[in-house]
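Everything on this sheet refers to the single structure shown next.
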Amino acid sequence: MSAADTTTPVAVPPPRQAPPPAAPRQPGRPRRTGGTATPWLLLAPCLLVLVLVMAYPLVRLVTLSFQTFGQPQLWGFQDAEWVGFANFRAVLGDGEFWAVVLRTLVFAAGSVICTMVLGMAIALLLQRVSPWVKTLVNVVLVASWGMPVIVATTVFKWLFDSDYGILNALLSKLPGVRLIGHNWFASGPEGLAVIMLLVVWGAVPFVVITLSAGLTQVPRELEEAARLDGAGAWGVFRYVTLPVLKPVLVMLTTLSVIWDMGVFPQVFVMRGGHPEAEFQVLNTYSYDRAFQVNDYAQGSAIALLTVVLLLGVVAVYMRQMLKIGDVE
């Protein structure tokens, strides 16, 4: 018997079969990664808070704008009567309302332009300073941003005071400048410029911090390539930095327009709770018509028209964001 006959044969494993091919994915049908109810469950707490906080005031605002509602209706001596669009016709037919609308638009446009230009300039400068200087400036910006509006308004009111304001004293030290006792609120344009400065001062920190974060996303390779192609500082900013920052700039501009058109405490506190006619903006005008004239219906109509104007701004913002999404 040979050695080959006494050797135990080794078992050979069967060949591995290839897995069956996956079924071809039908085009046009997105793959489901989870239940459609999950996003709504996550959003439910936020939506519930919004409904509880905003639903009733908004419904009440719309209701009042279509009724006659004054002191007799407020105290229950008379029932509110439905008058249709009479309040809106009265408001839209009032020349004072259109003057307030124009003043509000000019005020908001000036505030937004100054805020965005100054915020962009500071954000660009922060990219060229040392880290400790950048940290110090950011701390100052956050501190000013966190200051309550009433406190900031009171400080500005003191700075521009005609008798005790430090600004008049400092400016009067310049050659040929005599501003001791000058009343900045004697005329509407000067007073609104002071209030605009206050609004810009409070809005710049948010813009600077947001733009500084956006500037970190600008590719350095593109900037170097643009410089090698002969582009100067303005060319790099226009053709490289601005396109990258466009979504952030659209968002900041839209938010600034909404905030600046909704200015109330700065004007109200700066004028001691009784803004004169040349200082009225839409929010203070609506407040005065409701609580000074005691015509709550027309005050609600003015507030509702303000909401419609702001919705127009939001519609422009959504259109721009959709365009940016299509390009990307």
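When a residue number appears, it is its place in the shown sequence, counting from 1. If you're wondering where the values come from, they're calculated on a predicted model, not measured in any experiment. As a basis for the values below, the full set of heavy atoms in this structure was taken, side chains included, without hydrogen atoms, waters or symmetry mates.
When all heavy atoms of Thr241 and Glu223 are compared, the closest pair comes out as OG1-OE2, 4.0 Å. Closest non-hydrogen pair, Glu278 versus Leu192, comes out as O-CD1, 3.8 Å.
Ring centroid separation for the pair Phe160 and Trp184 comes in under the 6.0 Å cut-off.
Residues Leu61 and Trp82 share a single hydrophobic cluster, defined by chaining ILVMFWY side chains whose heavy atoms lie under 4.5 Å apart. In terms of hydrophobic clustering, with Ile, Leu, Val, Met, Phe, Trp and Tyr side chains grouped at heavy-atom distances under 4.5 Å, Leu167 and Trp158 are assigned to a common cluster. Hydrophobic cluster membership differs between Val207 and Leu118, with clusters built from Ile, Leu, Val, Met, Phe, Trp and Tyr side chains linked at under 4.5 angstrom. Both Ile195 and Phe156 are assigned to one and the same hydrophobic cluster, defined by single-linkage of ILVMFWY side chains at heavy-atom distances under 4.5 Å. A continuous path of ILVMFWY side-chain contacts below 4.5 Å connects Leu252 to Val257, so both sit in one hydrophobic cluster.
Taking the six-membered ring where the residue is Trp, Phe88 and Phe85 present tilted rings, their angle falling between 30° and 60°. A tilted orientation is assigned to the rings of Phe291 and Tyr287, their planes being inclined by 30° to 60°. The aromatic rings of Phe206 and Trp145 sit tilted relative to each other, their planes meeting at an angle between 30° and 60°.
For the pair Asn283 (side chain) and Phe264 (backbone), a donor-acceptor distance under 3.5 Å is absent. With hydrogens and angles disregarded, no donor-acceptor distance shorter than 3.5 Å links the side chain of Ser286 to the backbone of Leu282. Within the 3.5 Å criterion, the main-chain N or O of Ser162 finds no donor-acceptor partner in the side chain of Asn183. Using a distance-only test at 3.5 Å, with no hydrogens or angles considered, no donor-acceptor pair links the side chain of Ser172 to the main chain of Ala169. At least one donor-acceptor pair closer than 3.5 Å links the side chain of Gln280 to the backbone N or O of Tyr285.
Within the cation-pi definition used here (under 6.0 Å to the ring centroid, within 45° of the axis), Arg60 qualifies as a partner of Phe69.
Evaluated for a side chain to side chain contact (heavy atoms under 4.5 Å, CB included) with Val208, the options Leu125, Leu141, Val137 yield exactly one hit, Leu141.
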